[in-house]
Structures are given as structure tokens and as C-alpha cells.
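Note sheet for the following structure.
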Amino acid sequence: MPSRTWTAVAAVAALAVAGVVTFAVTRPEQGPRPAVFRGERTSALYAPIDDRSADPRPPTGAEVFGQADTVAAAGVTMRRGQVSASADCAGALWGERTAAAAAGCAQVVRAAFTAVGGGISGQYAVFDMPDGAAADRLVDALDPKGGDGFLRPAPGQPPSFDAAHSRAAARALGHFVVVNWVGPVGDEGRADLTYPQLALERLGAFAQNRVLAAGD
């Protein structure tokens, strides 16, 4: 029969293994986050579309991204890649708190972008939230300073997307949340991201068009 000492050692080893397995199963998910983040809550400008019940039409890829496959600013052109739309808004996010903040989201529409000439990738995402208060909560949850998650890479983004040197802006526009996220790819860690982000910022015009339509 094994000695009591060996029995105790085996029990301790079994508990240690169980602890490692439990940690692996329950540890918080980790994913990419931007190095620079700017969040903006909704304003009175978007009051006509502050509630989805007054603006029920779901956003589409054609509405958000238009017919042209490029957007540009100051000579920098970003070319659109794959567009995706899903009712699983939490699936576009990682982190328990951040995904929970997407409760009530009806749809997320997003697309990957790459700079013409290479070196920079990005994505633009639109979350269709119930109202402006819910949109503000999602913006707050996306802030890396207080949150525990962010967006997942969009379908079609290159694996070499460098989140550690990226920058993102999340804005609540009435009941919508738009996220504009750009970063270098490959070895382009010092790439200037200002104009690529400004180019994608133009896509927020869809929300302004809805405000105008609500006043007609």
C-alpha cells in the first residue's frame, strides 16, 4: 500500500492540476484593444433618432458604406473589404462587461478597410441600440480605462493588425454607436493614423441623414 506521505503528495498534485484547469476555463477573455481611445456620448443634435422606436429601420451595409468601395481624407484612401451584418451584437465584442453593455442591440453592421498602398487596416462598426442611454453605456464600456473588452477584428482584417499601436473612436449618435478603429499592419508601427481615421469618420453621415429625414 502507498504510504500516507505519497498519498498526500498525489492529492496535492491533483488539486493543483484541477486549479490550473479551472483557471483556464474561468479566466477572463483577452483580446485586442486600441492604444488610444476617444469616446463621445450622444448629444441633442441626434435627439430625433434617440429612440429606436421612432427610428426602427435597421441599418444596412449599403446605407452605411454607400456604393463606392473607398473613402478618402487628405489624400489617404481607405478601401472597403468584406461587409458583415449580424443580430449577434455581442459576438462582435470580447469581454463580459462589454458584451453585456450590448444588451438590446438589434444588429451590428461593420466592414474591414485597408489603406490603398498598404500599411494600415481598420474597421467601421455600427451598433443599433435601443436608445441613446443604452448607446452611451456601450460607449462607456468600450473605454479601455474602465472596461474589460473591445471589438473583435472584423471579418477580412489581416492577422498582422497591430492593436497595440492602434487608435479608436466610439461615438453615440442617437440610438446608434459607431466605432472607428484603425491601426498599422505588419512592421508599420509608426504609421500616421490621423487621416485614415478621418476618412472612416465620413461614414457617420448615415446618422445625420436619418436626423434630417426624421424632421421631414
Side-chain angles (χ1 to χ4, degrees), residues 29-40 58-73 76-95 98-99 101-102 105-129 135 138-139 141-144 147 149-173 176-186 188-189 191-207:
E29 181 184 1
Q30 296 296 312
R33 287 182 176 180
V36 178
F37 175 84
R38 176 174 58 86
E40 183 179 314
T60 65
E63 179 189 13
V64 175
F65 302 112
Q67 300 301 315
D69 64 355
T70 60
V71 288
V76 174
T77 300
M78 300 291 288
R79 186 178 303 280
R80 187 182 71 244
Q82 183 176 345
V83 177
S84 64
S86 174
D88 182 15
C89 299
L93 303 161
W94 67 268
T98 306
C105 176
Q107 182 171 260
V108 57
V109 178
R110 57 183 182 150
F113 286 82
T114 55
V116 173
I120 296 171
S121 175
Q123 68 165 296
Y124 193 88
V126 178
F127 292 84
D128 186 2
M129 303 299 291
L138 180 56
V139 169
L142 288 167
D143 189 340
F150 202 69
L151 267 66
R152 299 181 188 275
Q157 277 196 278
S160 60
F161 177 72
D162 183 3
H165 294 93
S166 68
R167 59 192 297 175
R171 297 193 297 147
L173 310 178
F176 296 108
V177 171
V178 299
V179 186
N180 175 350
W181 189 16
V182 295
V185 293
E188 301 293 329
D192 185 353
L193 303 176
T194 303
Y195 293 118
Q197 193 165 49
L198 283 175
L200 296 190
E201 195 70 19
R202 297 176 182 272
L203 298 171
F206 84 93

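Hydrogens, waters and symmetry mates are skipped; everything else that's a heavy atom, side chains included, is used.
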On a heavy-atom basis, which atom in [X] and which in [Y] lie closest, and how many Å separate them?
X: L173; Y: A207; answer: CD1-CB, 3.7 Å
X: A141; Y: T98; answer: O-OG1, 3.4 Å
X: F127; Y: A125; answer: CE1-CB, 4.0 Å
X: V177; Y: A135; answer: CG2-O, 3.3 Å
X: A111; Y: V83; answer: CB-CG2, 3.8 Å
X: A112; Y: G156; answer: CB-C, 4.1 Å

Is it true that a side-chain atom of N180 and a backbone atom of A169 form a donor plus acceptor pair closer than 3.5 Å?
no
### Query
Between W94 and P32, is there a donor-acceptor pair closer than 3.5 Å when you use the side chain of the first and the backbone of the second?
yes
Between [atom1] of [X] and [atom2] of [Y], what distance do you get to the nearest 0.5 Å?
X: W181; Y: F150; atom1: CH2; atom2: CZ; answer: 5.5 Å
X: L138; Y: C89; atom1: CG; atom2: SG; answer: 9.0 Å
X: M78; Y: L203; atom1: CE; atom2: CG; answer: 10.0 Å
X: R167; Y: T194; atom1: CZ; atom2: OG1; answer: 4.5 Å

- Determine whether V139 and R171 make a side-chain contact, defined as any pair of heavy atoms from C-beta on separated by less than 4.5 Å. no
- Query: Less than 4.5 Å apart, any side-chain heavy atom of V108 and any of S84?
  - Reply: no
Name every donor-acceptor pair, under 3.5 Å, that has one atom in a side chain of residues 114-123 and the other anywhere in the protein, sequence neighbours excluded.
residue : atom : partner : partner atom : Å
S121    : OG   : F113    : O            : 3.2
S121    : OG   : Q157    : NE2          : 3.3
Q123    : OE1  : R110    : NH1          : 3.2
Q123    : NE2  : R152    : O            : 2.9
Q123    : NE2  : Q157    : OE1          : 3.4

Those residues at least two apart in sequence (or on a different chain) that pass ring pair (Phe, Tyr, Trp, His ring centres under 6.0 Å) with Y124 are none
*Kindly indicate, with the supporting measurements, whether the criterion side-chain contact (heavy atoms from CB on, under 4.5 Å) is fulfilled by L93 and L142.*
CA-CA 9 Å; L93 303 161; L142 288 167; 4.0 Å; yes
Side-chain donor-acceptor distances from residues 59-68 under 3.5 Å, at least two apart:
residue : atom : partner : partner atom : Å
T60     : OG1  : E63     : N            : 3.1
E63     : OE1  : R210    : NH2          : 2.8
E63     : OE2  : R210    : NE           : 2.8
E63     : OE2  : R210    : NH2          : 3.4

